[in-house]
Amino acid sequence: MKLIKAMRGTRDIYDVEALKFNFIEDTAKELLENYGFGRIITPTFESTDLFKRGIGEGTDIVDKEMYTFSDRGDRSITLRPEGTAAVVRSYLENKTYAKEDLTKYYYVNNMFRYERPQAGRYREFYQVGVEVLGNASPMADAEVISVGYRLMEKLGIEDLKVNINSVGGNETRAKYRKLLVDYLTPKKNELCSDCQNRYEANPLRVLDCKNEGCQNLTIDAPTLPDNLNDQEKDHYETVKKYLDIFGVKYVENPRLVRGLDYYSSTVFEVITEKLGSQGTVLGGGRYDNLIKQIGDKDVSAVGFGAGIDRLMMLLNEDQILNTPDVYISWLDEENIDYAFLVANTLRDNNVKVYIEYAPKSANAHRKKAFKLGAKKEIIIDSESKTNKTLGLKELSSRDIEIINFNEILEKIR
Ligand code: HAM
């Protein structure tokens, strides 16, 4: 029979990879809850219209990457390609805006995009994201950027760069788009083939094309920050001021535009050089128009999404290995109850214990204990059960100390 494999662009996460995933999720939850974010869990699939309206037709995600299909009731549904549109849908549907003037959510979810798989790019991937809804202050932008920055610090991920920019509101972007098209038109034939298409549909994306030729052609292009109106400039300056106050190191990148349509002012990305072309580990920005687009309400919001799969590639394994404190070697079948009494007594007191379900030879146990990286070994034989004792040794030493059952906690700690 032909073996059935996981679908292209998806994978199983287990072993060390699962430990890394847990570490990222646990670290993020603790940090975000410290910052006053509450968790939101939205459905895996939504009405296709939500993403068309939210992310925007003409973007890569909506035009080429969505997993869209009809269900048995002939509804067009889409597996979420990102988290923001669904959070906004929930906020509007549940009239959260009427209950509180500031809402801070975080989520840890799988997302689906039909992209060409490569290292760091999957068709099912995971994000930890935050959304702050109901506040237009530049301080919210700065806090969102700073919490993303702290998350990277807590995960111990180094050599990251925070890029920031402001893309301005609709009017500014329309004006800028015209300036940019005028600038690009005489150079159009020199652009890469992707950008020749983008040039019509979404000329701003030419600015962050990875192709060196395109980058050189746009060196002298007009920039977005130079074309912001006074209020937008003021907002951007204040974001930078608070980033300084919060101790976030950042670089201004006037070419940063991001791939989703809903941004309206501050945008930012956290980038690493270590993952080649998939080096963006976190991206976000302010999206003051999205809520109007989806539900006709004027609500300001800002947030980010960080790619868990990419963060996993950057984690240092030593810091997350789940090695047992104690390995229990038990040698005969009749000691099973005593061996598990010892194991569970330790576990009830927060000691990490590894024990197998069948007895083995002393040698086979020792090999396994080394393989798992256990610190101590407890040896249980028939004498131990009768005398209510056990043998305790440091894995690296040969000396066995015989201790009484009621001393274990004290000895292990
Ligand atoms: P995004 O830039 O599309 O933004 O995605 C955020 C992050 O998700 C990326 O920086 C990357 O780390 C990760 N990511 C995206 N696609 C893939 C993939 N195919 N495989 C692995 N990782 C991937 C958003 O999704 C916005 N919703 C962020 C946001 C929240 N903006 C405001 N609030």
Side-chain angles (χ1 to χ4, degrees), residues 8-11 13 21 24 28 32 37 40 42 46 50-51 54-56 59-62 64-67 79-89 91 103-133 140-141 143-145 147-148 151-152 155 157 160-164 167 205 208 256-272 274-291 294 299-314:
R8 190 165 142 77
T10 71
R11 73 207 198 282
I13 299 175
F21 194 105
I24 294 168
L32 296 172
F37 288 87
I40 183 166
T42 61
E46 299 272 355
L50 174 66
F51 302 113
I55 302 169
T59 58
D60 281 354
I61 296 185
V62 170
K64 301 186 222 156
E65 296 171 1
M66 294 208 301
Y67 277 89
L79 302 183
R80 61 174 163 231
E82 59 98 52
T84 311
V87 167
V88 168
R89 198 253 324 122
Y91 180 80
T103 301
K104 294 167 83 173
Y105 286 134
Y106 77 90
Y107 47 86
V108 182
N109 283 335
N110 51 350
M111 316 271 160
F112 307 84
R113 293 185 195 175
Y114 194 80
E115 292 191 88
R116 198 169 50 75
Q118 61 181 84
R121 189 161 74 194
Y122 297 93
R123 289 183 173 171
E124 182 184 20
F125 62 99
Y126 297 83
Q127 276 186 1
V128 49
V130 307
E131 313 293 348
V132 174
L133 302 127
D141 309 32
E143 193 186 53
V144 165
I145 299 172
V147 79
L151 177 61
M152 303 300 136
L155 294 173
I157 298 176
L160 295 171
K161 215 157 85 180
V162 180
N163 278 335
I164 63 164
V167 296
R205 297 256 34 197
D208 65 358
L256 179 65
V257 292
R258 307 257 314 124
L260 302 107
D261 264 2
Y262 48 59
Y263 297 110
S264 57
S265 132
T266 317
V267 290
F268 52 91
E269 286 186 348
V270 179
I271 320 258
T272 173
K274 290 184 186 156
L275 298 180
S277 62
Q278 303 308 308
T280 309
V281 295
L282 178 154
R286 175 164 282 285
Y287 52 96
D288 288 348
N289 302 324
L290 179 61
I291 299 157
I294 293 180
V299 179
S300 300
V302 53
F304 71 67
I308 295 184
D309 312 80
R310 295 184 189 171
L311 294 173
M312 283 164 70
M313 295 167 82
L314 299 169

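First listed ligand is number 1; within each ligand, the first listed atom is number 1. These numbers come from the heavy atoms of this one structure, side chains and all, not from hydrogens, waters or symmetry mates.
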Legend entry - ligand 1-proximal atoms of Glu269, by part, heavy-atom distance under 4.0 Å: neither

Inset, instruction - Indicate yes or no for a side-chain donor-acceptor contact from Arg310 to the backbone of Gly120 under 3.5 Å, with no hydrogens or angles considered. - result: yes

Inset, instruction - Specify side chain, backbone, both or neither for Thr280, according to which of its non-hydrogen atoms lie closer than 4.0 Å to ligand 1. - result: both

Legend entry - Contact summary for Leu32 and Val128, nearest pair of heavy atoms: CD1-CG2, 4.1 Å

Inset, instruction - Could you see which bit of Phe304 sits under 4.0 Å from ligand 1, with heavy atoms only: side chain, backbone, both or neither? - result: backbone

Legend entry - Main-chain N/O of Tyr126 paired to Asn109 side chain as donor or acceptor, under 3.5 Å: no

Legend entry - Side chains of Asp309 and Arg11 in contact at under 4.5 Å (non-hydrogen atoms): yes

Legend entry - Nearest neighbour in protein (non-hydrogen) for atom 32 (C) of ligand 1: Gly303 O, 3.2 Å

Legend entry - Salt bridge flag under 4.0 Å for residues Arg205 and Asp60: no

Legend entry - Ala301 near ligand 1 by a heavy-atom separation under 4.0 Å: no

Legend entry - Proximity of Gln278 to ligand 1 by residue part, where a heavy atom lies under 4.0 Å: neither

Inset, instruction - Looking only at protein heavy atoms, identify the closest one to atom 4 (O) of ligand 1 and say how far it is in Å. - result: Arg258 NH2, 3.0 Å

Inset, instruction - Using distance alone, decide if ligand 1 has a nitrogen or oxygen within less than 3.5 Å of any nitrogen or oxygen in Arg121. - result: no

Inset, instruction - For Arg113 and Lys64, indicate whether the former's side chain and the latter's backbone hold a donor-acceptor pair under 3.5 Å. - result: no

Inset, instruction - Would you mind reporting whether Leu160 and Leu282 have side-chain heavy atoms less than 4.5 Å apart? - result: no

Legend entry - ligand 1 contact by Met111, heavy-atom criterion under 4.0 angstrom: no

Legend entry - Closest protein heavy atom (residue, atom, distance) for atom 8 (O) of ligand 1: Gln127 NE2, 3.1 Å

Inset, instruction - Give a yes/no verdict on whether any heavy atom in Tyr126 is under 4.0 Å from an atom of ligand 1. - result: no

Legend entry - Test item: Glu143 and Lys104 side chains (from C-beta on) under 4.5 Å apart, heavy atoms: yes

Inset, instruction - Please work out whether any backbone atom (N, CA, C, O) or any side-chain heavy atom from C-beta onward of Leu260 is under 4.0 Å from ligand 1, and answer side chain, backbone, both or neither. - result: side chain

Inset, instruction - Please say whether Ile61 places an N or O atom under 3.5 Å from an N or O atom belonging to ligand 1. - result: no

Inset, instruction - Before signing off on this row, confirm whether Tyr107 and ligand 1 have an N or O atom pair separated by under 3.5 Å. - result: no

Inset, instruction - Could you tell me the residue and atom name of the protein heavy atom closest to atom 20 (N) of ligand 1, and the distance to it rounded to 0.1 Å? - result: Tyr122 N, 3.0 Å

Legend entry - Any N or O of Thr84 closer than 3.5 Å to N or O of ligand 1: yes

Legend entry - Side chain, backbone, both or neither: the part of Tyr262 lying under 4.0 Å from ligand 1 by heavy atom: side chain

Inset, instruction - Of all the heavy-atom pairs spanning Arg258 and Gly283, show the shortest one and how long it is. - result: NH2-C, 3.5 Å

Inset, instruction - Verify, without hydrogens or angle tests, whether Glu269 (side chain) and Ile271 (backbone) share a donor-acceptor contact under 3.5 angstrom. - result: no

